[in-house]
Amino acid sequence: MQAIPFLVSFITTGRLHGLGIGSTLTQVDEAIHCTFFDDSGDEGLYLRRDYGFVEFSFNPGREWVMTGASIELHRLVSGHEMAEKWRERMNVDFPSHLSWDDLHDALSRDPWFPHLTVKDQGGFLEYRAAATDVSVIVNDDDGEHGWPRQGDVWSVSLWSAERAL
């Protein structure tokens with residue numbers, strides 16, 4: 001699968017390889033077949049599982065429970081071998097650069113296209129889909145030496161929204 005349809009699915013469903021907020025660490029282990037690094041902090045109050053350019057965040061309980069996931073596309077500019085391994089093991093092909101215009105064009109043609117709010121993040125624009133708890137961060141500034149390129153997707157993240165009781 002190419003990156004754009006994969007990301008459209010992530011943005012419209014809030015699911016990444018079938019995983020979403022509340023998925024367990026065991027479910028992540030079953031779904032993701034790549035090498036990783038775990039960071040649990042000094043006190044073990046959280047867990048961040050880093051697959052290179054894809055990360056999952058967890059909170060403890062009876063079992064570690066997912067609270068977020070992020071695809072850090074900006075890391076692929078200098079580390080495209082991460083994308084090659086992901087393609088081999090997860091069957092998704094990510095490019096070194098991904099234009100927001102291209103992603104937004106595909107997203108806008110999807111029947112489940114969520115409403116996006118836009119917020120300036122100081123050199124970045126955040127396009128947030130509150131319905132699915134997914135944000136797309138887009139570079140809004142020309143970088144030195146042509147990177148990051150203006151209009152490139154920096155990251156796509158699933159976040160655990162605080163719910164009013």
Side-chain angles (χ1 to χ4, degrees), residues 1-96 98 100 102-104 106-107 109-117 121 124 126-138 153-165:
M1 173 182 270
Q2 294 298 309
I4 288 178
F6 178 78
L7 292 171
V8 165
S9 175
F10 183 31
I11 295 165
T12 58
T13 66
R15 311 284 298 170
L16 179 63
H17 290 291
L19 303 164
I21 300 299
S23 293
T24 65
L25 183 58
T26 300
Q27 290 169 321
V28 172
D29 287 340
E30 291 169 356
I32 308 298
H33 310 290
C34 295
T35 57
F36 59 87
F37 155 154
D38 280 342
D39 173 18
S40 59
D42 292 335
E43 297 179 25
L45 299 177
Y46 68 89
L47 174 66
R48 181 180 62 88
R49 176 155 292 176
D50 187 340
Y51 291 91
F53 74 104
V54 177
E55 295 182 1
F56 293 92
S57 301
F58 301 87
N59 281 344
R62 286 183 294 149
E63 191 169 357
W64 289 102
V65 177
M66 191 170 86
T67 58
S70 183
I71 302 172
E72 302 291 333
L73 294 166
H74 62 95
R75 293 181 186 170
L76 297 178
V77 173
S78 61
H80 198 69
E81 67 281 349
M82 290 183 280
E84 292 170 7
K85 289 179 183 177
W86 200 265
R87 182 183 62 243
E88 290 170 9
R89 296 181 181 154
M90 300 302 299
N91 299 314
V92 181
D93 190 13
F94 286 95
S96 295
L98 183 68
W100 169 243
D102 293 342
L103 179 56
H104 185 263
L107 185 59
R109 291 191 310 266
D110 190 279
W112 302 106
F113 179 51
H115 172 73
L116 300 172
T117 58
Q121 298 284 357
F124 296 92
E126 177 187 18
Y127 294 86
R128 182 176 281 199
T132 58
D133 297 333
V134 175
S135 289
V136 181
I137 304 296
V138 177
V153 175
W154 184 263
S155 65
V156 183
S157 301
L158 172 66
W159 40 273
S160 179
E162 290 184 2
R163 306 280 186 212
L165 298 175

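All residue numbers in this chain count up from 1 along the given sequence.
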Residues W159 and S135: side-chain donor-acceptor under 3.5 angstrom: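 Present: a donor and an acceptor within the cut-off.
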Mind checking the [atom1]-[atom2] spacing from [X] to [Y]? Nearest 0.5 Å is all I need.
X    : Y    : atom1 : atom2 : value
Q2   : N91  : CD    : CG    : 11.5 Å
R128 : T117 : CZ    : OG1   : 6.5 Å
W154 : I137 : CH2   : CD1   : 10.5 Å
F53  : K85  : CZ    : NZ    : 11.5 Å
E126 : L116 : CD    : CG    : 10.5 Å
F124 : H74  : CZ    : NE2   : 8.0 Å

Give me the atom names and distance for the closest heavy-atom approach of [X] to [Y].
X    : Y   : value
L45  : N59 : O-OD1, 4.3 Å
G22  : V65 : CA-CG1, 3.4 Å
Q27  : T24 : OE1-N, 2.7 Å
E63  : L25 : OE2-N, 4.4 Å
F94  : A83 : O-CB, 3.6 Å
L158 : G14 : CD2-O, 3.4 Å

Can you confirm whether [X] sits close enough to [Y] that some side-chain heavy atom of one is under 4.5 Å from a side-chain heavy atom of the other?
X    : Y    : result
W112 : T132 : no
T67  : Y46  : no
H17  : F6   : yes
L76  : L98  : no
D133 : S160 : no
M90  : C34  : yes
E55  : R75  : yes
L107 : Y127 : no

From CA spacing to verdict: side chain to side chain contact (heavy atoms under 4.5 Å, CB included), I32, W86: CA-CA 9 Å; I32 308 298; W86 200 265; 3.7 Å; yes
Test: R49 cationic atom under 6.0 Å from F36 six-membered ring centre, within 45° of axis: yes
I71/L16 under side chain to side chain contact (heavy atoms under 4.5 Å, CB included): CA gap, chis, key distance, verdict: CA-CA 10 Å; I71 302 172; L16 179 63; 3.7 Å; yes
Criterion side chain to side chain contact (heavy atoms under 4.5 Å, CB included) on E72 and D50, from CA distance to verdict: CA-CA 10 Å; E72 302 291 333; D50 187 340; over 6 Å; no
Reference residue S70; test side-chain hydrogen bond (donor to acceptor under 3.5 Å, both in side chains); the match among S155, S157, S57: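 When S155, S157, S57 are each tested with S70, the side-chain hydrogen bond (donor to acceptor under 3.5 Å, both in side chains) holds only for S157.
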Side-chain donor/acceptor of W100 to backbone N/O of V153, under 3.5 Å: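 No.
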Residues that H33 engages under side chain to side chain donor-acceptor pair (under 3.5 Å), provided they are two or more places apart: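 Testing H33 for side chain to side chain donor-acceptor pair (under 3.5 Å), a comparison that skips the adjacent residues, returns none.
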Intermediate values then yes/no, side chain to side chain contact (heavy atoms under 4.5 Å, CB included), V138 and L103: CA-CA 11 Å; V138 177; L103 179 56; over 6 Å; no
Ring pair (Phe, Tyr, Trp, His ring centres under 6.0 Å) assessment of H104 paired with F113: CA-CA 10 Å; H104 185 263; F113 179 51; 5.7 Å; yes
